[in-house]
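Throughout, a chain's letter reflects where its sequence line sits, starting with A, and its residues are numbered from 1.
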Amino acid sequence: MISFKNCIDCCELVELPLNGKKFTWSRGNVASRIDRLFVLGDWLQSLPSSTLYGLLKNCSDHRPMHMLIDSTNWGPNPSGL
Amino acid sequence: MKVWLLILVMGSIIIWNACGIGARDKKRCVRNLVQKFSLDVLCILETKLENINDCIVNSIWGRCSRDWYAVPSLRLSGGILCIWNPASFCVSNCSVAMNGRILHVEGVFSRFNMEYLVSFVYALNDGSLKKELWEYLLISKAALESHGVLQVTSMKLFPHQTEKEALESLLP
């Protein structure tokens, strides 16, 4: 039996955690995290500072998800100074 | 004397299940996001629009340089719109799978010189349809392996479902 979890595991995808907000969807008293973002492990190795933020909900039951891909180069090795 | 260099290179992507972008206030909401976050890529899931044209895209993205690809909705169900800045996100191919529930976008993230395949997935709340979806994604695993992959999933759930129930319902 193939499940969503198996699919994610077999494709070796990693879920990017959501910062700032617990849920991505809500209506009345019900809330859930039904919007998800997955990346390959290689992606995280190349761009380890990739971060996902839940934005303010407006006009929709779902929050927009903002992925900031941050590649920071800190320049020459400090030990060389 | 050595000069310290701090080079910040950032990419910015927004994915949003907007539950329809036909109304003027919805377009304004999306436009505000585009302006606020200077996006490389914007993906709207559930556009609920059967026809998308340059005029609609301009009202969202403004006059800045952009390319776009849209998967039409089936009446008022689904629909995916992806808009990107071609200077930072060089798309070589867009393809649609599973009756418009998946949009694959392939190309190079020029800022990071990185090949990518982004799959935007819209999963309806139907056990057998979802099973098909996950099976398809498993089969296309070979294609995923050669790229930096970003996969985005928006799952539809019934209003009365809790998160636990929604996750359990993912199992076919």
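- In this structure, the side chains of L55(A) and I14(B) come closer than 4.5 Å at one or more pairs of heavy atoms.
- The residue among C29(B), A23(B), C43(B) with the most heavy atom pairs within less than 4.5 Å of chain A is C29(B).
- Remark: S12(B) OG to L68(A) CG distance equals 6.0 Å, nearest 0.5 Å.
- Atom CG of N113(B) sits in a sparse spot, with 12 or fewer heavy atoms from other residues, nucleotides or ligands closer than 6.0 Å.
- In this structure, the portion of L33(B) lying under 4.5 Å from any heavy atom of chain A is its side chain and not its backbone.
- Ring pair F37(B)/H66(A) is tilted by interplanar angle, where 30° to 60° counts as tilted.
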Evaluate the side-chain contact (heavy atoms from CB on, under 4.5 Å) criterion for residues D35(A) and I15(B): first the C-alpha distance (whole Å), next the side-chain angles of each, then the deciding distance (0.1 Å), finally the verdict.
CA-CA 9 Å; D35(A) 301 278; I15(B) 306 105; over 6 Å; no
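- Taking both residues in full, the closest heavy atoms of N17(B) and S60(A) are given as O-OG, 2.7 Å, listed atom of the first, atom of the second, then distance.
- The two residues C7(A) and W134(B) come nearest to each other via the heavy atoms SG-O, 3.6 Å.
- Counting only heavy atoms from C-beta outward, the side chains of F109(B) and S46(A) never approach each other to under 4.5 Å.
- For the pair L47(A)/M114(B), a side-chain contact is recorded, criterion being any heavy-atom separation below 4.5 Å from C-beta on.
- Minimum heavy-atom separation, L137(B) to C11(A): O-SG, 3.8 Å.
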